[in-house]
Amino acid sequence: MLVIVNGRVIDPAQGVDGFFDLTIDQGKIMKMTPSAGDMSGKGLDKRNASGNFTVFDASGKLVVPGLIDMHTHLREPGHEYKETIKSGCEAAAAGGFTSIACMANTNPVNDNQSVTEYILRKAKHEGCVNVFPIGAITKGLNGEVLTEMGDLRGAGAIALSDDGKSVKNNELMRRAMEYTQSFHLPIISHCEDPDLAKNGVMNEGYVSTCLGLKGIPHTAEEVMLARDVMLSELTGCPLHIAHVSTAGSVRIIRDAKSRGVRLTAETAPHYFTLTDEAVRGFDTNTKVNPPLRTEEDVQAIKEGLKDGTIDVIATDHAPHSLLEKDVEFDYAAFGIIGLETALPLSLMLYFEGVLSLADLIAKFTVNPARIFNLKKGSLLPGMDADVTIIDLENTWTVDVNKFKSKSRNSPFHGRNVRGEVVATFVGGKMVP
Amino acid sequence: MGLTSKDLLTIQDLSVEEISLVLDTADSMKEISTRDIKKVPTLRGKTVINLFYEPSTRTRTSFEIAGKRLSADVVNISTSASSVVKGETLKDTGKNLQAMSPDLVVIRHPVAGAPKILADNLSASIINAGDGAHEHPTQALLDIFTIREKKGSLQGLEVAIIGDITHSRVARSDIYALSKMGARVRVFGPHTMIPVFIERMGVTVCHTLEESIKDVDVIIMLRIQLERQGDFLFPTLREYSRFFGLDLEKLKKARSDVLIMHPGPINRGVELSPEIADSPYTLILDQVTNGVAVRMALLYLLIGK
């Protein structure tokens with residue numbers, strides 16, 4: 001038995017924010033009782049006299065439901081030199097994530113039940129956090145043929161996405177949105193018109209004009225988003241929008257939600273932390289898709305987070321090695337790793353007054369759990385004992401060389417941040 | 001006084017004083033090319049490598065001649081004959097070249113920012129001889145050198161840059177160089193070839209050819225890359241030349257003493273009619289001549305001391 005004592009517990013699913021002791025047994029939350037304030041063990045794993053339970057002293061710390069990342073790229077199978085299920089899980093745990101959903105663009109693609117089963121088997125044996133595979137919408141992510149969605153669901157996939165590209169064919173996307181409803185798998189859309197974005201390597205704007213790099217207009221995201229909203233209305237399919245990056249997208253989603261479209265949306269920390277100005281200097285770690293946008297977009301993303309238009313903060317953790325990143329800008333792969341920086345970068349939203357702590361934590365916990373229909377994201381008795389302990393005051397400097405991830409492609413190296421994960425519990429056990 | 005950086009990657013990095021220094025130094029270098037024996041010992045024992053990842057006749061030859069007239073040993077590497085075809089990265093190629101102790105590497109590369117990779121990894125000086133659509137600083141320096149030679153000063157001049165601004169590294173470097181030296185720049189081309197927010201660079205965007213050339217001192221015509229037709233940027237070369245090219249008839253709208261420049265190679269009959277290309281208005285060959293002097297000046301200023 002484990003008791004996490006004296007922490008400030010924030011559980012948005014229950015509307016809880018106060019000082020509670022959390023009792024955990026058999027990997028489950030047993031009960032939450034008001035802190036007596038006098039049980040304080042000092043440090044980790046201190047046993048009381050009877051020795052039958054462990055006390056974790058969370059005095060001065062936040063105790064929240066284990067964070068959930070809806071959007072991770074584990075590179076296994078296929079690109080194990082960038083990330084494995086094991087290393088990705090360790091990075092997640094270090095960043096406070098107890099559950100991660102991994103995208104289908106592995107090699108082979110997760111477009112059939114045996115790949116889903118492989119990922120889950122590896123995760124069970126080697127992963128220290130919960131792994132939830134996302135299956136592909138189309139075979140091979142080619143946008144031509146539907147995957148066997150029922151089989152994917154049966155094997156354990158929790159959602160469908162061709163993340164990395166849009167399903168370009170309107171008819172095929174419509175049918176995918178209809179067919180998936182037999183299996184209740186939500187569709188996650190990567191909104192990007194491939195023609196408008198063709199050969200683009202950064203946001204189209206003043207900075208791309210200065211640098212002479214081919215731009216990707218914000219419209220490339222917005223036209224595909226508008227289409228997907230319309231198809232969702234036509235089919236009634238719940239739709240989740242991945243990595244929202246533009247002011248126009250926030251407007252489209254806000255409008256659609258106000259009309260009752262079954263729409264949810266996520267953004268990633270780099271879209272409210274950096275602008276395309278970061279690309280000056282040609283650092284390939286700033287090359288990401290969708291690209292870093294402008295200050296106006298950053299403000300709109302924050303506004304969307306604040307008013308609930310954007311439900312979730314996800315990492316879009318996209319590991320790449322030096323082979324893909326230590327090259328000319330045009331030749332570099334898109335992607336930023338985020339598991340180990342997402343929480344402190346997002347806590348800036350709290351320190352800046354954009355979000356309350358409860359709203360911020362909800363975007364990492366109960367909101368993604370609801371979208372995926374997961375029994376996660378809350379500290380209610382009976383739930384899995386996935387818990388993250390956060391020190392809000394600690395300031396530290398991001399050092400990619402200390403990352404658990406196998407990759408180092410972060411534009412935040414050297415950045416001073418505030419708020420640090422001090423412990424992560426999965427099923428009542430401290431990880432990694 | 002010299003140049004503050006070991007490299008020349010962009011015009012943006014140069015101060016007005018540094019640009020003036022380059023132009024003044026080029027003035028004194030130009031005479032060397034008119035001598036019977038066109039060689040001085042200034043860079044004897046220095047090694048200059050031309051590393052070209054794109055085809056080039058004019059710029060590569062210009063750097064080679066500039067180096068040789070200053071007695072440097074000049075080595076040319078073009079991609080077809082190099083280990084690039086074997087898949088070596090730019091960074092590795094650079095480090096291997098550095099291991100042979102060159103004093104300066106001139107690089108042309110199709111990707112914006114590529115010269116910075118060499119500058120960050122090599123102790124040798126790096127000159128950017130054109131990187132993607134980013135910058136082509138030596139072209140801009142020879143352009144303003146040529147204008148200054150004819151007009152005495154850049155201050156207050158009106159200059160039109162016409163053509164595919166979006167894909168032109170020459171346009172960007174020219175805009176920075178001309179603006180720094182006190183000239184005013186206007187740009188004109190099909191809207192598909194005017195990059196977004198270009199006016200934030202301090203230029204005026206014109207909407208007709210007539211408007212763009214009215215009362216200007218200098219017209220810089222840019223080369224149309226013929227393969228751009230596949231990118232839906234313009235329908236046909238015929239229509240391009242009709243609305244965006246320059247011929248003697250349209251030129252009547254400009255001042256009689258207007259100077260016409262072009263970074264080359266020209267597409268006769270597309271952006272410039274053949275009559276204009278051969279007319280006394282044009283400084284195209286002066287630009288080429290001055291290119292050698294400007295590059296001699298840069299080699300001297302970067303590795304001559």
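Here is the naming used below: chain letters follow the sequence lines, and residue numbers restart at 1 for every chain.
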J.: What residues form a salt bridge (charged side-chain N to carboxylate O under 4.0 Å, His left out) with B:Glu135, not counting sequence neighbours?
T.: none
J.: Not counting sequence neighbours, which residues clear side chain to side chain donor-acceptor pair (under 3.5 Å) with A:Asp193? List them please.
T.: none
J.: Might you point out which heavy atoms bring B:Ala112 and A:Gly212 nearest each other, and give the distance in Å?
T.: CB-O, 4.1 Å
J.: Given heavy-atom pairs under 4.5 angstrom as the criterion, report whether the side chain, backbone, both or neither of B:Ile198 touches chain A.
T.: both
J.: Does any pair with a residue in residues 185-194 of chain B pass side-chain hydrogen bond (donor to acceptor under 3.5 Å, both in side chains), and if so which ones, sequence neighbours excluded?
T.: B:Glu158-B:Arg186
J.: Looking at B:Arg172 and A:Thr209, would you say the former's side chain and the latter's main chain have a donor-acceptor pair under 3.5 Å?
T.: yes
J.: Nearest 0.5 Å please: distance from the SG atom of A:Cys210 over to the CZ atom of B:Phe197.
T.: 11.0 Å
J.: For B:Arg169, is it the side chain, the backbone, both or neither that has a heavy atom under 4.5 Å from a heavy atom of chain A?
T.: neither
J.: For B:Lys6, I'd like to know if atom NZ has over 12 heavy atoms of other residues, nucleotides or ligands within 6.0 Å.
T.: yes
J.: More than 12 heavy atoms of other residues, nucleotides or ligands under 6.0 Å from CD of B:Gln12: is that the case?
T.: yes
J.: Residue by residue, which of residues 317-329 of chain A have a heavy atom closer than 4.5 Å to a heavy atom belonging to chain B?
T.: A:Asp326, A:Val327, A:Glu328, A:Phe329
J.: Counting only non-hydrogen atoms closer than 4.5 Å, does B:His109 touch chain A with its backbone (N, CA, C, O), its side chain (CB onward), both, or neither?
T.: side chain
J.: Taking the side chain as C-beta and beyond, is there a heavy-atom pair between B:Val196 and A:Tyr206 under 4.5 Å?
T.: no
J.: Taking side chain as C-beta onward, heavy atoms only, is B:Pro115 less than 4.5 Å from A:Phe282?
T.: no
J.: Let's test your reading of the structure: which of B:Thr10, B:Thr89, B:Leu90 forms the most heavy-atom pairs below 4.5 Å with chain A?
T.: B:Leu90
